[in-house]
Structure formats: structure tokens, C-alpha cells
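Single-structure report; data block below.
Values reported hereafter were calculated over all heavy atoms of this structure, with side chains retained and with hydrogens, waters and symmetry mates removed. Ligands are counted one by one from 1 in listed order, and the atoms in each one are counted from 1 as well. Because the structure is a prediction, the values reported are computed rather than measured.
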Amino acid sequence: MPSPFRRLRRPPTLDLDDIQATLLRARPEPYFGTHAILEITDPAAGKELLRRLAPRVTSAARWDEPRPSWLALALSYQGLVALGVPQQSLASFPANFRAGMADRAARLRDTGPNAPDRWEFPFGSPRVHVAVSVYAATEDDWQREMAEYEQELGEVPGVHLLSYQDFAADGFNVFGYRDGFSQPVVEGSGAEPLPGDGRPIKAGEFVLGQASETGVPLPVPVPDVLGRNGTYVVFRKYHSHVAAFNTFLHDNASTEAERELLAAKLVGRWRSGAPLALAPERDAPAIGEDPNRINDFDYAADPRGLRTPLGSHIRRMNPRDTKLTVLTDVNIRRIIRRGTSYGRPLPPDRLKDDGRARGLDFIALGARAIDNVEFLQSEWVGSGNFVGLGKEKDPLISSQGKGAYFTVPGTPPRRVKGIQSFNTLRGGEYFFMPSLSAVRWLST
Ligand code: HEM
């Protein structure tokens with residue numbers, strides 16, 4: 001199984017002691033953990049919370065001692081307000097972050113079953129203030145750390161736990177696909193690019209205050225101690241309809257081999273992780289297990305999508321060298337993904353829903369993460385215009401209407417009908433992930 005950890009061979013130039021681990025280091029695999037949402041009802045209590053958590057927030061320099069496990073912390077705009085952050089500073093954050101995810105539903109195309117009025121509490125309410133995530137490589141480490149945090153945080157009056165989500169997985173998501181390994185390499189992070197990763201992307205695309213792809217840093221919230229080395233986080237909780245997905249495959253393919261090929265066409269990769277670009281006709285699990293080969297491809301030899309459909313999930317989300325009908329610099333549209341799966345996977349032969357909660361907490365990080373997810377959702381997920389597919393949407397993550405279809409290019413092309421909404425959004429929020437020095441600054 002490929003480790004999501006990249007070898008750290010290059011001398012780091014970023015201030016790793018000050019940057020949170022989640023931004024620069026892949027989560028463990030397998031992983032266990034909890035995402036918690038907290039509310040601050042009194043600024044002094046909020047500062048006390050941060051004072052207690054500050055020594056535990058894990059940096060990118062020491063995330064794996066003694067074993068990979070860490071605590072990550074992020075604040076929504078309402079959380080910064082609840083902490084009593086000065087107005088001048090609040091005003092220096094970008095408008096979409098200040099508005100919050102629910103307010104941006106139209107741009108994100110979060111309508112119908114995905115609309116904020118259908119979300120789970122506390123998402124969409126102004127009470128979502130702090131997100132705390134604990135990641136661990138073993139169940140024992142996770143439970144031990146959680147017991148410590150519960151004891152310590154339970155004692156802070158004026159801070160309330162509104163919701164939490166436990167998660168665990170072995171690297172495969174609830175649909176059975178290997179997930180989370182195609183990531184941009186951040187210049188200066190010390191990570192060694194692997195074949196197919198492309199050149200490292202300028203750190204400022206991910207870490208506030210560093211030079212970006214355009215040469216200048218993106219706007220950094222003030223004061224500098226608050227903004228520098230921080231980043232933005234987009235959190236979206238999806239409930240997955242795996243039985244409906246399995247049924248769709250059964251309705252449109254008659255043998256297991258055909259079903260697996262259709263499953264691969266929808267994503268652009270076999271469930272093993274092997275990309276169709278390298279394994280167009282049958283699965284090659286050895287490629288999925290080889291970090292040197294799993295991302296070592298582009299789409300130059302496949303302009304029509306005969307191997308990897310133009311509308312497949314990974315080709316939409318990172319078109320690599322695909323000729324786009326609407327010009328875009330793909331290097332500034334990259335996001336770091338740290339999503340986690342919750343609930344038990346449902347095997348491909350189960351066509352009836354068992355009523356259990358399962359899905360994915362999608363987590364994107366980067367200095368442009370909010371703009372980029374808004375862009376991806378509206379242009380590359382919710383439409384097909386950018387690759388000449390008209391109104392066709394992402395087959396995996398869109399909310400689909402009646403008559404939705406997915407095109408598998410070929411001679412003749414095949415229009416697979418019956419695509420449904422295989423994932424429903426249950427809530428989400430935009431957060432700011434401060435540096436370690438900013439957490440200390442916020443706590444005083
Ligand atoms: C339940 C929701 C989702 C599921 C099940 C899902 C599944 C997957 C899978 C199986 C892969 C291939 C593994 C990999 O390349 O690491 C992938 C890649 C990717 N997904 Fe998703 N995804 C979901 C939501 C999203 C959302 C909401 C976005 C962005 C708006 C997104 C963006 C991406 C990107 C950027 C890649 C990497 C593509 C590449 O670099 O080739 N995904 N996803």
C-alpha cells in the first residue's frame with residue numbers, strides 16, 4: 001500500500017515549526033480521528049480554550065513524533081468575532097470567508113437537497129466558531145488523545161461542544177476507491193516530488209505570506225502575526241448514497257468487469273487507484289500501490305477522453321494538460337485535500353441502503369482554497385462547458401436532476417443515463433487555520 005507520506009528529502013525553506021501539520025503533511029494511513037465543532041459564548045473563555053490548545057497544536061516539523069498523530073485547529077469568521085478580534089483585523093479577511101459557506105450557496109451551487117436549510121446542526125448557523133480535528137495512526141492513540149482533550153476542554157465554561165464526527169479508514173473511501181493521494185507538492189515544504197507530481201507549486205498558493213505563482217503574496221490578514229503562515233480551510237460534510245451508486249452500476253453494466261470499468265470511467269481511476277490513463281482496459285492494482293506510478297500520467301495522448309473521460313471526476317478536478325475551451329491557469333486552481341471518510345463502506349454487491357450514516361468530510365486547504373472550491377463547484381463540477389460537455393455535471397459529487405447522464409467517449413460515444421446525486425451535502429463552513437504563533441497571539 002503506498003504511504004501517503006512523502007519522503008522529506010529536500011531541505012525545507014518554510015518555517016515548519018510555525019505551520020500547522022495538516023497543511024503540509026498527509027494524514028496517517030490508516031487513520032482514526034474526530035472532527036469537533038465548538039462554540040465560544042464568551043471571549044475570555046475562547047482565549048482560555050486557545051491557551052490550553054496552543055501547546056498541543058501540531059506543527060509540520062514535528063507531526064510524526066513518536067507516531068504520526070496531531071491536533072489541528074481552525075476558526076470561522078464568526079469564531080474570530082466571538083474571540084473579540086479587533087475590527088480592523090476582521091475587515092482584512094476576504095469577503096467570502098467573512099460571509100461564510102451558507103451565504104455562498106448560490107456560487108457553490110448548493111441548492112435543492114444540498115441547500116443550507118437542509119443542513120445538519122450546527123452547520124449554516126452563526127454558532128460554528130472553532131473546528132478541532134484529532135488525527136492518529138492507531139485506534140489506541142486516538143482514544144488516549146481524545147480522553148485527554150475531553151478532560152481538559154470539558155472544564156472551560158463558555159465553550160460548548162456543538163457536534164463531533166468520528167472517522168476512520170484505511171485509505172479507501174466509502175465507495176471503495178483509494179483516495180487522497182494526488183496532491184500538489186508545496187515548494188519549500190521538504191517533500192520530494194514523485195513522478196507525475198509536476199513541479200512544486202509556489203508556497204504562497206498554500207501558505208499565507210509566501211510568494212505565490214504570480215510572484216507576489218496573496219493578501220495576508222493583519223496584523224502580520226495573525227495572517228502569516230496561516231491558510232484557509234473549506235470543510236464540507238457529504239453523506240454518500242453507496243447503495244444507489246451500486247444500483248446505478250448494476251443497471252448499466254451486466255458483468256462485474258463491465259461494472260468496474262464503468263466505476264473507473266466515472267472517477268478516472270479504478271478503485272485500486274490505478275489511473276485509466278495508464279490502465280485503460282483492466283485494473284492494474286500494482287500501479288495503485290506504487291507511489292512512483294500512481295500519478296505518473298497526463299492526458300496528452302488522450303485529447304478526446306477515450307481512456308479517461310473528459311467528464312470524469314479527476315479529469316474535471318485537475319485537468320492537467322487537457323486543452324480547455326475556457327482558458328484557466330490550472331496551477332492556481334490546485335487544492336490540498338485532507339478529506340476523511342466516516343462510516344463503514346458498503347460492498348459493491350449491496351444494492352439496498354442499510355440506513356447507516358457513511359460519507360466523506362471533504363477538507364480543502366490553501367491560500368486560495370475558498371476561491372478555488374467556489375470556482376471548482378460552479379465551473380468544473382456544476383457544468384461541462386470548460387471541456388465542451390455543455391450541461392453535463394461531475395458524475396460523483398453533483399446534485400443531479402432528472403435525465404442526468406454521463407458521456408463515455410468512443411465511437412460511438414455512450415450516454416449512460418440514470419446518474420443520481422450520489423453524495424448529498426450535509427453542511428460545511430469556511431475556516432482560517434492560523435499558524436502556531438497566531439494561535440498564541442489569539443489567546444492573549
Ligand atoms: C463525497 C465526495 C467526494 C468523493 C467520494 C471524491 C472522490 C475522489 C477520488 C476517488 C479521487 C481520486 C483519488 C486521488 O486522486 O487522490 C478524487 C480526487 C480528487 N477530488 Fe474528489 N471526491 C469528492 C469530493 C470532491 C470535491 C467536493 C472536490 C472539489 C470541489 C474534489 C476534488 C478532487 C481533486 C482536486 C482530486 C485530485 C485530482 C487529481 O489531482 O488528479 N473532490 N476524489
Side-chain angles (χ1 to χ4, degrees), residues 2 4 26-27 29 101 104 107-110 114 167 169 171-185 194 196-198 201 233-242 244-245 263-278 287-288 291 294-299 308 312-322 330-343 345-346 357-366 368-383 393-399 421-428:
R27 50 160 169 63
E29 196 175 296
M101 187 179 285
R104 302 289 295 167
R107 168 74 174 153
L108 287 159
R109 302 212 177 189
D110 292 340
N114 291 347
F167 55 84
F172 291 81
N173 67 27
V174 293
F175 293 94
Y177 292 86
R178 195 190 293 281
D179 201 352
F181 46 82
S182 175
Q183 305 281 4
V185 177
L194 296 171
D197 281 343
I201 308 281
V233 183
V234 175
F235 181 93
R236 288 168 75 76
K237 176 177 175 175
Y238 286 95
H239 175 76
S240 299
H241 308 288
V242 183
F245 183 77
K265 292 283 184 189
L266 296 171
V267 169
R269 292 187 186 271
W270 300 88
R271 298 196 215 229
S272 70
L276 282 171
L278 300 180
I287 299 180
I294 194 164
N295 280 316
D296 193 12
F297 64 93
D298 58 29
Y299 299 119
T308 313
S312 61
H313 180 61
I314 68 162
R315 196 157 177 177
R316 283 174 179 267
M317 295 296 88
N318 182 7
R320 300 181 190 226
D321 55 350
T322 303
V330 293
N331 283 328
I332 64 163
R333 294 298 178 199
R334 303 293 305 274
I335 45 175
I336 291 178
R337 292 176 303 128
R338 297 286 186 242
T340 50
S341 295
Y342 65 90
L346 196 70
R358 58 172 59 82
L360 200 119
D361 289 315
F362 171 81
I363 298 172
L365 292 99
R368 294 184 210 260
I370 297 177
D371 286 346
N372 279 353
V373 172
E374 290 189 350
F375 169 85
L376 291 174
Q377 282 289 126
S378 67
E379 307 295 329
W380 291 359
V381 171
S383 163
K393 298 182 186 174
D394 185 299
L396 195 61
I397 60 173
S398 295
S399 149
S421 309
F422 297 128
N423 289 284
T424 303
L425 189 69
R426 285 285 160 88

Under-4.0 Å salt bridge between Arg104 and Asp110: no
Working for salt bridge (Lys or Arg N to Asp or Glu O under 4.0 Å), residues Glu379 and Arg109: CA-CA 10 Å; Glu379 307 295 329; Arg109 302 212 177 189; 6.0 Å; no
Charged tip of Arg236 within 45° of Phe362 ring normal and under 6.0 Å: no
Any N or O of Phe175 closer than 3.5 Å to N or O of ligand 1: no
Partner set under salt bridge (Lys or Arg N to Asp or Glu O under 4.0 Å) for Arg338, not counting sequence neighbours: none
Leu360 side chain near Val174 side chain, heavy-atom distance below 4.5 Å: no
Numbered atoms of ligand 1 (with element) below 4.0 Å of Arg178, judged on heavy atoms: 10 (C), 13 (C)
Side chain, backbone, both or neither: the part of Arg269 lying under 4.0 Å from ligand 1 by heavy atom: side chain
Arg358 NZ/CZ over Tyr342 ring centroid, <6.0 Å and within 45° of normal: no
Test item, Arg320 contacting ligand 1 (heavy atom, 4.0 angstrom): yes
Proximity flag Arg315 to ligand 1, non-hydrogen atoms under 4.0 Å: no
Any Val267 side-chain heavy atom under 4.5 Å of Ser312 side chain: no
By side chain to side chain donor-acceptor pair (under 3.5 Å) - contacts of Asn372 (at least two apart): Arg333
Axial cation check for Phe175 ring with Arg271, 6.0 Å and 45° limits: no
Nitrogen or oxygen of Ser182 less than 3.5 angstrom from that of ligand 1: yes
Tyr238 side chain reached by Thr424 side chain, heavy atoms, under 4.5 Å: no
Identity of the nearest option to atom 38 (C) of ligand 1, non-hydrogen atoms only, from Asn318, Val373, Thr308: Asn318
Count of N, O or S atoms belonging to protein, less than 2.8 Å from atom 21 (Fe) of ligand 1: 1
Atom 27 (C) of ligand 1: nearest protein contact (heavy atom, Å): Tyr238 OH, 3.4 Å
Residue and atom name of the nearest protein heavy atom (relative to atom 30 (C) of ligand 1), distance in Å to one decimal: Gln377 OE1, 3.8 Å
Protein contact of atom 10 (C) of ligand 1 - nearest heavy atom, named by residue and atom, plus distance: Tyr177 CB, 3.6 Å
Protein contact of atom 5 (C) of ligand 1 - nearest heavy atom, named by residue and atom, plus distance: Asn173 ND2, 3.8 Å
Which residues share a side chain to side chain donor-acceptor pair (under 3.5 Å) with Arg368, sequence neighbours left out: Glu205
